[in-house]
Amino acid sequence: MTRQIVYSVALSVFVFTTILTIVSILTPHWVSYSVTADTGSTFTKSIGLHKSCSSVDDPSCRPFPNDDDCRDDQFFCSMWRSSGFLISFATIVELATLITFLVVMAGGKYKRETGWKLIGCFLIADAAVEFASMGIVAYLFDNDSQFAIPGWSLDWSWILCTVSASVSVLIAASLAASAWLLPPEDDYEYLEDPNDA
């Protein structure tokens, strides 16, 4: 039987994973490039799901991918935009999961006994969407010609997404384990029988 404290801890950890997802969307550090010239100056470029930043551009950041990026490679742009859409969709699934957590926690013993299944489904759906988004970026990183130059690497925004999805799976597994392993929660305390005294 999943108890209130188990849901509270799971919710706290899930709020943290939601923050990781939002940070990964907002920061342009999914794929990065850094090289130091013979003169000692360093050139850096980092690409996020929705913008690209470079140490030599003015302004340093711009929307990505734009029409110039897509002129020669429609496949890359379609896949990159799909990844951005999926991770944005994951935040909607996470919002639904947060609401489900609150409803189950406020709903009493019966909802806590059965609600872990619904929350688990939402958590697994969130993880699947995030893994798909992360997988698209990893696929493009491994196979697109613009990342063939040595110096490119998957960066910390990609790692945040991976951690967020992995922790969602662990939370789902923990809720299921607590439902199976913990004894039922009691809604009342037994009273002393005066005849036994």
Side-chain angles (χ1 to χ4, degrees), residues 13-100 121-172:
V13 174
F14 186 70
V15 167
F16 175 72
T17 64
T18 302
I19 292 169
L20 292 181
T21 303
I22 292 169
V23 169
S24 75
I25 292 170
L26 297 176
T27 54
H29 294 283
W30 279 70
V31 181
S32 296
Y33 178 77
S34 181
V35 65
T36 303
D38 294 336
T39 61
S41 61
T42 302
F43 168 77
T44 59
K45 182 173 184 173
S46 57
I47 300 173
L49 294 177
H50 304 291
K51 66 181 174 179
S52 172
C53 297
S54 173
S55 61
V56 296
D57 290 342
D58 187 31
S60 63
C61 294
R62 64 175 178 81
F64 182 84
N66 62 21
D67 292 338
D68 292 334
D69 298 317
C70 297
R71 188 167 292 125
D72 297 329
D73 195 354
Q74 284 294 325
F75 176 77
F76 172 81
C77 289
S78 296
M79 294 296 284
W80 196 268
R81 287 178 178 148
S82 295
S83 180
F85 168 78
L86 285 172
I87 198 74
S88 296
F89 179 69
T91 60
I92 295 169
V93 175
E94 288 173 345
L95 176 62
T97 307
L98 289 171
I99 292 169
T100 306
C121 289
F122 274 111
L123 288 166
I124 296 300
D126 171 51
V129 172
E130 286 189 71
F131 280 132
S133 177
M134 175 210 74
I136 290 170
V137 172
Y139 172 81
L140 292 172
F141 174 75
D142 287 339
N143 295 295
D144 196 77
S145 60
Q146 68 178 306
F147 302 124
I149 301 168
W152 284 101
S153 62
L154 293 170
D155 208 353
W156 58 269
S157 293
W158 184 84
I159 293 169
L160 290 180
C161 179
T162 306
V163 169
S164 175
S166 301
V167 171
S168 290
V169 171
L170 291 175
I171 295 170

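Heads up: numbering here begins at 1 and tracks the sequence.
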Closest approach of [X] and [Y], non-hydrogen atoms and distance?
X      : Y      : answer
Thr44  : Ser34  : CG2-OG, 3.6 Å
Leu160 : Val23  : CD1-CG1, 3.6 Å
Gln146 : Trp152 : O-NE1, 3.1 Å
Pro65  : Arg81  : O-NH2, 3.0 Å
Ser46  : Ser32  : CB-OG, 3.5 Å
Ala96  : Phe122 : CB-CE2, 3.8 Å

Quick check: do [X] and [Y] have side-chain heavy atoms less than 4.5 Å from each other?
X      : Y      : result
Trp80  : Asp69  : no
Leu49  : Val137 : yes
Leu95  : Thr91  : no
Asp155 : Val31  : no
Ser133 : Phe85  : no

Enter the distance from [X]:[atom1] to [Y]:[atom2] here, rounded to the nearest 0.5 Å.
X      : Y      : atom1 : atom2 : result
Trp158 : Ile47  : CH2   : CD1   : 15.5 Å
Leu98  : Thr18  : CG    : OG1   : 4.5 Å
Leu123 : Thr17  : CG    : OG1   : 7.5 Å
Tyr33  : Ser153 : OH    : OG    : 11.0 Å
Ile159 : Leu20  : CD1   : CG    : 11.5 Å

(message) Evaluate Ile87 against Thr21 for side-chain contact (heavy atoms from CB on, under 4.5 Å), listing each step before the verdict.
(response) CA-CA 8 Å; Ile87 198 74; Thr21 303; 4.1 Å; yes

(message) Angle between ring planes, Phe75 versus Tyr139, binned at 30° and 60°: parallel, tilted or perpendicular?
(response) perpendicular

(message) Students often mix this up, so state it plainly: with edges at 30° and 60°, are the rings of Phe141 and Phe147 parallel, tilted or perpendicular?
(response) tilted

(message) Restricting to disulfide (SG to SG under 2.5 Å), what partner residues turn up for Cys61, sequence neighbours left out?
(response) Cys53

(request) Please step through side-chain contact (heavy atoms from CB on, under 4.5 Å) for the pair Ser88 and His50, ending with a clear verdict. (result) CA-CA 11 Å; Ser88 296; His50 304 291; 4.0 Å; yes

(message) Test your reading of the model: is there a side-chain donor-acceptor pair from Ser41 to the backbone of Ala37, 3.5 Å cut-off?
(response) no

(request) Go through Trp30 and Ser24 one step at a time and tell me if the side-chain contact (heavy atoms from CB on, under 4.5 Å) criterion holds. (result) CA-CA 8 Å; Trp30 279 70; Ser24 75; 3.9 Å; yes

(request) Flag the pair Asp68 and Arg62 as a salt bridge only when some basic side-chain nitrogen lies within less than 4.0 angstrom of an acidic carboxylate oxygen. (result) no

(request) Kindly write out the residues that satisfy ring pair (Phe, Tyr, Trp, His ring centres under 6.0 Å) with His29, not counting sequence neighbours, or none if the list is empty. (result) Trp156

(request) Could you walk me through whether Phe16 and Ser164 pass side-chain contact (heavy atoms from CB on, under 4.5 Å), step by step? (result) CA-CA 8 Å; Phe16 175 72; Ser164 175; over 6 Å; no

